[in-house]
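Values below: all heavy atoms of this structure, side chains included; hydrogens, waters and symmetry mates excluded.
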Number of protein chains: 2
Amino acid sequence: MGMDTELIKGTLSLLILSLLSRKPMYGYEIATTVGQDTGGAFDWKEGSLYPSLHKLEKDGLIRGQWQGKPGERRRKYYHLTKGGRAVLVEKSESWGQLCRAVNQVLEKSK
Amino acid sequence: MGMDTELIKGTLSLLILSLLSRKPMYGYEIATTVGQDTGGAFDWKEGSLYPSLHKLEKDGLIRGQWQGKPGERRRKYYHLTKGGRAVLVEKSESWGQLCRAVNQVLEKSK
DNA sequence: TCCCTATGCATAGGACTCCTATGTATTATA
DNA sequence: TATAATACATAGGAGTCCTATGCATAGGGA
């Protein structure tokens with residue numbers, strides 16, 4: 001998709017939290033899910049995704065647990081913490097405010 | 001306003017172009033206008049605004065001209081170039097795509 | 001069997017955006 | 001006459017995201 005990458009900044013952590021509010025997921029699953037859900041609008045790179053997951057965990061918003069019975073592929077499942085759920089609500093509201101504010105300016109310029 | 005600053009990134013140049021599509025404006029006027037139009041949602045700092053204006057000019061999207069008859073306050077008025085107008089259209093479309101994509105994910109998580 | 005692709009996680013280094021802090025100068029106001 | 005508001009500018013740093021690279025396993029086709 002031809003979406004301006006500059007405009008994407010800041011949405012990564014919001015969307016990771018949102019996706020994990022559905023159910024625990026592992027990194028690769030998060031990336032493919034957000035791609036599918038948006039018709040390919042997002043194509044997160046490993047170099048963005050994994051450091052972001054590590055930071056969210058460091059900040060206590062998500063927690064990761066290695067899973068994999070012997071013979072299974074090793075995956076790190078992340079789930080939202082209570083704090084992460086609260087931040088998700090805040091970030092969602094901020095996102096709504098941003099949308100309204102930007103669209104106000106764009107509308108007024110027409 | 002309590003708007004998450006991370007989410008703001010990328011909107012600065014879009015909104016500057018949008019504001020200048022109304023009429024030529026000088027830097028300080030741009031900052032106060034975007035604040036008024038959004039009820040204070042944006043509070044752009046000089047350290048963000050002026051470098052951004054310089055970059056937009058360097059990229060050929062806007063052009064600045066010093067104005068000020070003697071006795072008047074010296075102001076640098078910027079106006080959109082033809083290229084700037086085209087980029088504004090592109091960026092507006094990208095912004096719309098981003099909004100839809102993010103909201104798709106958020107909605108699906110409810 | 002062997003190679004290639006997809007899956008799955010990770011990090012170093014760099015580009016880019018925005019902010020804080022600071023500087024200069026003029027005009028209006030208390 | 002001091003202070004706030006106006007008006008522009010830049011250096012330095014923090015933070016976010018990307019490119020590039022590395023490692024490892026599973027599955028499918030030749």
So, using ring-ring contact (aromatic ring centres under 6.0 Å, His included) as the criterion, who are the partners of B/Y50 when residues are at least two apart? none
Sequence neighbours left out, what passes ring-ring contact (aromatic ring centres under 6.0 Å, His included) with B/Y77? Give chain and number order. B/Y26
Taking B/D59 for its side chain and B/L61 for its backbone only, find out whether a donor-acceptor pair lies under 3.5 Å. no
Not counting sequence neighbours, list each pair that qualifies as a salt bridge (charged side-chain N to carboxylate O under 4.0 Å, His left out) and has a residue in residues 13-22 of chain A. A/R22-A/D37
On DNA chain C, check which nucleotide each of A/T32 and B/K45 is closest to and give me the residue with the more 5' one. A/T32
Integer-rounded Å distance: D/dT6 P and B/I30 CD1: 16 Å
Measure CG/B/L14 against P/C/dC18 and give the value in whole Å, please. 11 Å
Please list, chain by chain and in numerical order, all residues satisfying salt bridge (Lys or Arg N to Asp or Glu O under 4.0 Å) with [X], sequence neighbours excluded.
X     : result
B/K58 : none
A/E57 : none
A/E29 : A/K23
B/R74 : none

DNA chain D base-pair string [pairs: Watson-Crick or G-U under 3.5 Å; |: paired with another strand]: ||||||||||||||||||||||||||||||
Can you give me the N/O atom pairs linking the protein to nucleotides 7-10 of chain D at distances under 3.5 Å, or say none if there are none?
residue : atom : partner : partner atom : Å
D/dA7   : OP1  : B/R75   : NE           : 2.6
D/dA7   : OP1  : B/R75   : NH2          : 2.1
D/dA7   : OP2  : B/Y26   : OH           : 3.0
D/dC8   : OP1  : B/K76   : N            : 3.0
D/dC8   : OP2  : B/G27   : N            : 3.4
D/dC8   : OP2  : B/Y28   : N            : 2.7
D/dC8   : OP2  : B/Y50   : OH           : 3.1
D/dA9   : OP1  : B/K76   : NZ           : 2.9
D/dA9   : OP2  : B/H54   : NE2          : 3.0
D/dT10  : OP2  : B/H54   : ND1          : 3.2

